[in-house]
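Structure, as structure tokens:
Excluded from the calculations below are hydrogen atoms, water molecules and symmetry mates; all remaining heavy atoms, backbone and side chain alike, are included.
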Amino acid sequence: MELSVRNVSKRYRDFLALNNVSLTLHPGVIGLLGPNGAGKSTLLRILATVMRPTEGQLTWNGVDLLKHPDALRQVLGYVPQDFGIYQHLSAVEFLEYIAAAKGVPRAGLSQRIADLLVMVNLSQVARRPLHTYSGGMRQRVGIAQALLNNPAVVLMDEPTAGLDPAERVHLRRLLVDLAGDRIVLLSTHIVADIEAVADRVVVIAKGQIRSDSPPEGLLQAAHGKVWEGTVSAQAYDALRQSRIISSAVRRPAGVHIRTVGAAPPAGDFRPVTPTLEDAYLLLLSGELGSDHT
């Protein structure tokens with residue numbers, strides 16, 4: 001099972017959203033991480049065959065998707081960033097409508113919908129109109145519709161938008177359950193969304209792949225480049241101008257900061273174990289290079 005893009009670029013008039021991107025996906029949870037405007041949504045739309053690239057190739061198990069997009073669409077579940085709903089319908093009615101549009105067989109559909117609503121923790125409100133749902137609840141309906149056809153490929157664009165902390169934990173558990181023999185690609189700009197679930201992290205910035213490795217690869221590359229220490233308020237203000245500060249907490253003794261960089265700041269700083277967020281900040285700053293990809 002393989003979904004692949006090769007040398008893909010996407011240009012909007014004078015703006016190059018993707019620049020010669022190549023990526024091959026196999027079963028597992030892949031985190032697509034990058035700042036807002038990095039090209040994540042554009043890449044997902046191309047992978048979902050709802051947008052054509054300006055240049056490049058897109059294949060599903062060797063089939064040219066630019067010529068035969070239905071080869072993937074039949075086995076695809078897609079949660080776009082802007083997910084539209086029919087507000088007067090209930091969750092059950094909406095999922096029935098989407099199932100009909102996708103050509104999902106009616107045999108066993110009621111049970112499939114019931115199971116999905118349990119999975120996304122909406123069974124207690126399944127008959128309420130969608131206009132009464134919170135943003136997080138609507139997002140979970142979007143996740144349920146993507147899973148109606150038991151897809152082999154699941155593409156999720158910022159699926160945790162609007163979810164509270166408990167809902168985000170629930171989604172992470174769901175992603176682990178979904179993985180197995182599926183390709184699950186989770187696009188986000190929030191490191192914590194993928195830190196606990198992804199077995200592969202792809203970092204994209206300014207339309208280009210900056211890193212593609214297991215989380216351990218990024219963490220190893222960041223080893224010896226993360227520092228913690230306590231400084232005065234004045235020193236902290238100066239450091240903010242010259243260093244990447246990942247966290248800062250004001251305490252009676254001063255400001256306790258965590259900073260990333262090849263060398264520590266002047267003062268009493270000690271090296272600490274890097275997190276994925278530390279590695280991500282280092283990568284975006286250019287201090288990790290690309291030799292670990």
Side-chain angles (χ1 to χ4, degrees), residues 2-5 8 18-44 47 154-161 168-169 171-173 175-176 178-180 182-229 242-248 257-265 269-293:
E2 181 179 284
L3 178 59
S4 175
V5 294
V8 161
L18 291 178
N19 184 9
N20 198 34
V21 167
S22 293
L23 186 65
T24 300
L25 306 177
H26 296 109
V29 179
I30 305 101
L32 180 62
L33 187 61
N36 290 328
K40 302 187 301 298
S41 293
T42 298
L43 179 57
L44 257 70
L47 288 169
V154 180
L155 305 177
M156 297 187 174
D157 193 359
E158 302 281 358
T160 61
R168 291 172 71 171
V169 170
L171 175 61
R172 291 172 196 165
R173 289 198 297 263
L175 290 173
V176 173
L178 284 176
R182 288 184 178 91
I183 295 172
V184 180
L185 180 62
L186 169 65
S187 168
T188 183
H189 65 281
I190 303 172
V191 178
D193 284 349
I194 63 172
E195 192 163 18
V197 298
D199 43 44
R200 177 180 166 194
V201 179
V202 177
V203 179
I204 185 170
K206 297 181 179 179
Q208 294 183 306
I209 301 294
R210 298 284 299 275
S211 173
D212 184 353
S213 74
E216 295 79 12
L218 279 171
L219 293 173
Q220 184 176 4
H223 184 74
K225 298 179 180 180
V226 185
W227 315 91
E228 283 190 359
S242 60
R243 303 276 310 194
I244 299 171
I245 308 294
S246 59
S247 68
I257 69 171
R258 186 180 182 97
T259 181
V260 298
F269 281 83
R270 59 185 179 87
V272 293
T273 302
T275 66
L276 192 59
E277 184 171 27
D278 294 323
Y280 173 58
L281 291 173
L282 279 162
L283 185 65
L284 292 184
S285 74
E287 296 212 28
L288 283 192
S290 58
D291 56 345
H292 60 286
T293 60

Return the [atom1] to [atom2] distance between [X] and [Y], rounded to the nearest 0.5 Å.
X: Ser4; Y: Leu23; atom1: OG; atom2: CG; result: 7.5 Å
X: Leu44; Y: Ser187; atom1: CG; atom2: OG; result: 5.0 Å
X: Leu185; Y: Asp157; atom1: CG; atom2: CG; result: 9.0 Å
X: Ile257; Y: Ile245; atom1: CD1; atom2: CD1; result: 4.0 Å

Side chains of [X] and [Y], heavy atoms from C-beta outward: is any pair under 4.5 Å?
X: Val8; Y: Asn20; result: no
X: Pro159; Y: Leu186; result: yes
X: Thr259; Y: Glu228; result: no
X: Val201; Y: Pro214; result: no
X: Thr24; Y: Val5; result: no
X: Leu218; Y: Leu276; result: yes
X: Arg258; Y: Thr275; result: yes

Closest approach of [X] and [Y], non-hydrogen atoms and distance?
X: Ala279; Y: Leu219; result: CB-N, 4.5 Å
X: Leu283; Y: Ser211; result: CD2-CB, 3.4 Å
X: Gly224; Y: Trp227; result: O-CZ2, 3.2 Å
X: Val197; Y: Asp193; result: CG2-O, 3.7 Å
X: Pro264; Y: Phe269; result: CB-CB, 4.2 Å
X: Ile204; Y: Ala38; result: O-CB, 3.4 Å

(message) If the condition is salt bridge (charged side-chain N to carboxylate O under 4.0 Å, His left out), which residues does Arg182 pass it with, not counting sequence neighbours?
(response) none

(message) So, using salt bridge (charged side-chain N to carboxylate O under 4.0 Å, His left out) as the criterion, who are the partners of Glu216 when residues are at least two apart?
(response) none

(request) Test Glu277 against every option in Val191, Val226, Leu282, Val260 by the side-chain contact (heavy atoms from CB on, under 4.5 Å) rule and name the one that passes. (result) Val191

(request) Identify whether the distance between the nearest side-chain nitrogen and carboxylate oxygen of Lys225 and Asp278 falls below 4.0 Å. (result) no

(request) Determine, for Asp212 against Arg200, whether the closest basic-nitrogen to carboxylate-oxygen distance falls under 4.0 angstrom. (result) yes

(message) Could you go through Leu18 and Leu43, starting from their C-alpha distance and side-chain angles, then the distance that decides it, and tell me whether this counts as side chain to side chain contact (heavy atoms under 4.5 Å, CB included)?
(response) CA-CA 7 Å; Leu18 291 178; Leu43 179 57; 4.1 Å; yes

Side-chain donor-acceptor pairs under 3.5 Å in residues 26-36, sequence neighbours left out?
{"unit_1": "His26", "atom_1": "NE2", "unit_2": "Glu2", "atom_2": "OE1", "d": "3.0"}

